Amino acid sequence: MRNIYGIVKKELDKIFKFPRMIFSTLVLPGLLIFLIYAIMGQSFTEQTNIIEEHKTIINVVNMPASYQMIVNDFENIEVRIVDEENIEDIKAEIYDGDNDVLVVFDHDFDQKTLNKEKPKVQVVYNPTDNRSSSGYAIVSVTLNVQKEGFLQVMGINTNIIDNLSEPVYDEKKATGSVLAMLLPMFIMMFIFAGGMSIGTDAIAGEKERGTLATLLMTPIKKNEIVLGKVISTAFIAILSALSSFIGVLASLPFAKSMFDVGGTVSYTINDYLMLFGILIVVALFSASLMLLASTIGKSTKEATMYAMPVYILAIFSSTFSMFNEVKDTSIYMYLIPIYNCTLGLKAIFAFEAELLPFLLVIGSSIIYIVGTILILLRMFKSERVLFAK
Amino acid sequence: MEKTLIIENLTKTFKLSKKQMRLDKTTSNLKVAVNDISFYTNGGEIFGLLGPNGAGKTTTLRCVATLIKPDKGDITVKGINVKEEVSVKKKIAFLTNELKLDEQFTPNYLFNYFSYFHNLDLETIERRKKELFERFGINQFAEVKIGELSTGMKQKVSIVMSLVHDPEIIIFDEPTNGLDVVVARTVTDYLKELRDKGKTVIISTHIMGLVQKICDRVGIIIEGRLVLCDTVENVCNMSPNKDIEDVFFDIYSREMGDK
């Protein structure tokens with residue numbers, strides 16, 4: 001028992017006698033979970049608020065009196081009575097995400113119901129658009145209230161009503177939305193994992209092995225060492241990301257069946273160029289952050305400990321972006337480090353990339369990269385950091 | 001005889017962390033690691049810096065090797081001030097037996113890697129590689145990964161990597177500490193060979209026997225100050241037994257008497 005106590009004490013001392021270990025082992029997991037849920041909650045709330053604040057537009061063709069009475073009582077909806085000749089135009093608007101729902105009743109719907117002539121009501125919506133989906137849900141409720149709360153009360157058998165729904169959406173965008181949900185997360189995860197695997201050892205490992213002093217004794221400049229390390233780390237990180245990119249594209253047929261989407265993926269050369277641009281900045285940013293951790297750390301183990309929160313942050317930032325619609329993204333979001341790149345990737349994969357947000361992502365990321373490299377260079381020149389014991 | 005290295009009034013101070021202050025039992029956050037040191041070395045000699053751990057030997061040599069910057073004082077290497085880092089680095093090698101090379105590479109690969117940064121032409125690289133690999137018996141495992149080599153072999157390769165550019169001054173921090181006995185002998189023999197070729201070898205050590213055995217002159221550092229600098233013969237003569245260890249401990253007791 002005494003010996004077991006000795007072993008247990010030593011193992012626990014490895015944590016409790018070192019504030020850094022206490023932080024990374026005991027404080028960090030709880031802190032991260034709190035942050036994740038707090039940010040996810042905030043993200044959900046914002047998304048819900050956006051939908052709630054939006055006044056759902058319900059376009060109605062051949063409005064029957066029984067439905068008019070129902071929708072008059074619903075708040076936060078705008079009912080537009082439209083003519084039959086406008087049906088195709090409104091469908092096109094719904095397809096483009098510029099309109100919410102179209103409800104087409106048969107002529108003399110109420111009379112046909114009374115005559116038990118099996119009247120039809122058709123609902124057109126876009127399942128790939130949050131506002132339209134939300135509008136479809138509202139329309140379903142109103143139609144239900146119309147059936148059960150009104151017609152049924154009058155003793156009319158509502159089963160005779162033929163309810164039809166017609167989803168209209170761009171198959172390409174639907175496929176894109178699936179990719180936009182998965183790929184940014186995979187890419188961010190692999191770029192940061194690639195950066196961490198090579199970056200944490202790149203400087204801390206050389207310090208630990210003593211080879212940094214040998215390298216510094218050659219006529220090489222410190223700036224050249226740092227830039228060489230950044231480029232090689234970023235290159236490996238990009239290769240990791242490309243591997244995941246190819247993997248996801250190859251698995252797309254399976255993803256399609258999983259998510260019930262059709263369509264083909266056909267990105268333009270501009271999309272690929274933008275994607276390449278973002279991959280480069282993410283890789284460089286990841287590399288410079290990992291090398292910063294590597295410069296501060298006295299050993300690879302210590303550097304990994306510093307790099308881990310950055311890695312986790314990158315993964316979760318891509319997870320948060322899953323809940324954001326590209327068109328609802330505020331412009332300032334494209335300035336948030338790491339998260340902006342996730343949003344940029346999401347917009348490209350969702351076929352919704354625009355020049356201004358892309359330039360903001362690239363521009364702000366370059367500023368962050370340059371800033372991180374300047375800090376890195378400064379630290380790399382510090383005797384205290386390089387030869388710390 | 002040409003003075004290859006001249007150190008004048010070298011002072012280097014370090015800022016201590018709170019943890020280091022606790023360990024050193026001091027209330028000041030500054031530690032004078034090297035305090036107003038002056039000495040010189042000649043071509044064709046082995047100079048030993050002798051002192052206990054933490055005396056300031058490694059700090060002095062790191063300043064000479066341009067790895068850290070002095071706070072005060074001047075250091076001249078073959079007539080060039082150490083502020084001209086690139087020129088000085090071409091003339092100096094800084095070796096430590098703590099060096100552990102990347103395990104996935106071969107001695108041949110690493111030799112080419114370090115040579116690359118010294119801007120040596122291919123012919124020179126191959127000539128130096130042949131010389132050093134033959135001298136240290138590395139040829140038979142030149143293409144074997146470092147991770148697969150024995151400790152002694154790894155130590156030989158580590159030493160060779162710092163000598164690729166045929167430096168004029170070779171600084172060796174604790175040259176035989178932790179070395180395999182056979183490698184230690186190879187190293188000391190090689191240092192003597194370098195001296196015989198007119199090169200300057202500076203070693204820092206706390207091993208008295210090594211100084212007495214291979215050094216021509218010695219500087220004794222205690223608490224950051226150079227308290228004695230003379231030929232090994234003269235220093236040994238200060239003791240009735242002609243033993244450098246006796247002299248060192250006499251000086252050490254005198255210097256540390258009140259502490």
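The model shown is predicted, which means the values in this text are computed figures rather than measured ones. The sequence lines fix the lettering, A, B, ..., with proteins before strands; numbering per chain opens at 1.
- The side chain to side chain donor-acceptor pair (under 3.5 Å) analysis of residues 210-222 of chain A, with sequence neighbours excluded, yields the pairs A:E206-A:T211.
- For A:L215, the parts lying near chain B are the backbone and the side chain together; criterion is any non-hydrogen pair under 4.5 Å.
- Near-neighbour residues of residues 116-130 of chain B relative to chain A, defined by a heavy atom under 4.5 Å from a heavy atom of that chain, comprise B:F117, B:H118.
- A side-chain N or O of A:T300 and one of A:D201 form a donor-acceptor pair less than 3.5 Å apart.
- Under the salt bridge (charged side-chain N to carboxylate O under 4.0 Å, His left out) criterion, A:K9 pairs with A:D13, not counting sequence neighbours.
- In summary, A:R209 and B:E103 do not engage in a salt bridge, as defined by a charged side-chain N under 4.0 Å from a carboxylate O.
- Chain A forms the most heavy-atom pairs under 4.5 Å with one residue out of B:V88, B:V86, B:I68, and that residue is B:I68.
- By the neighbour-count criterion of 12 heavy atoms within 6.0 Å, atom CG of B:L23 is densely surrounded, having more than that number from other residues, nucleotides or ligands.
- Looking at B:K91, neither its backbone nor its side chain comes within 4.5 Å of chain A, counting heavy atoms on both sides.
- B:F105 meets the side-chain contact (heavy atoms from CB on, under 4.5 Å) test with B:D102, B:Y109, B:L110; sequence neighbours excluded.
- From A:I238, atom CD1 reaches atom OG1 of A:T233 across 11.0 Å, with rounding to the nearest 0.5 Å.
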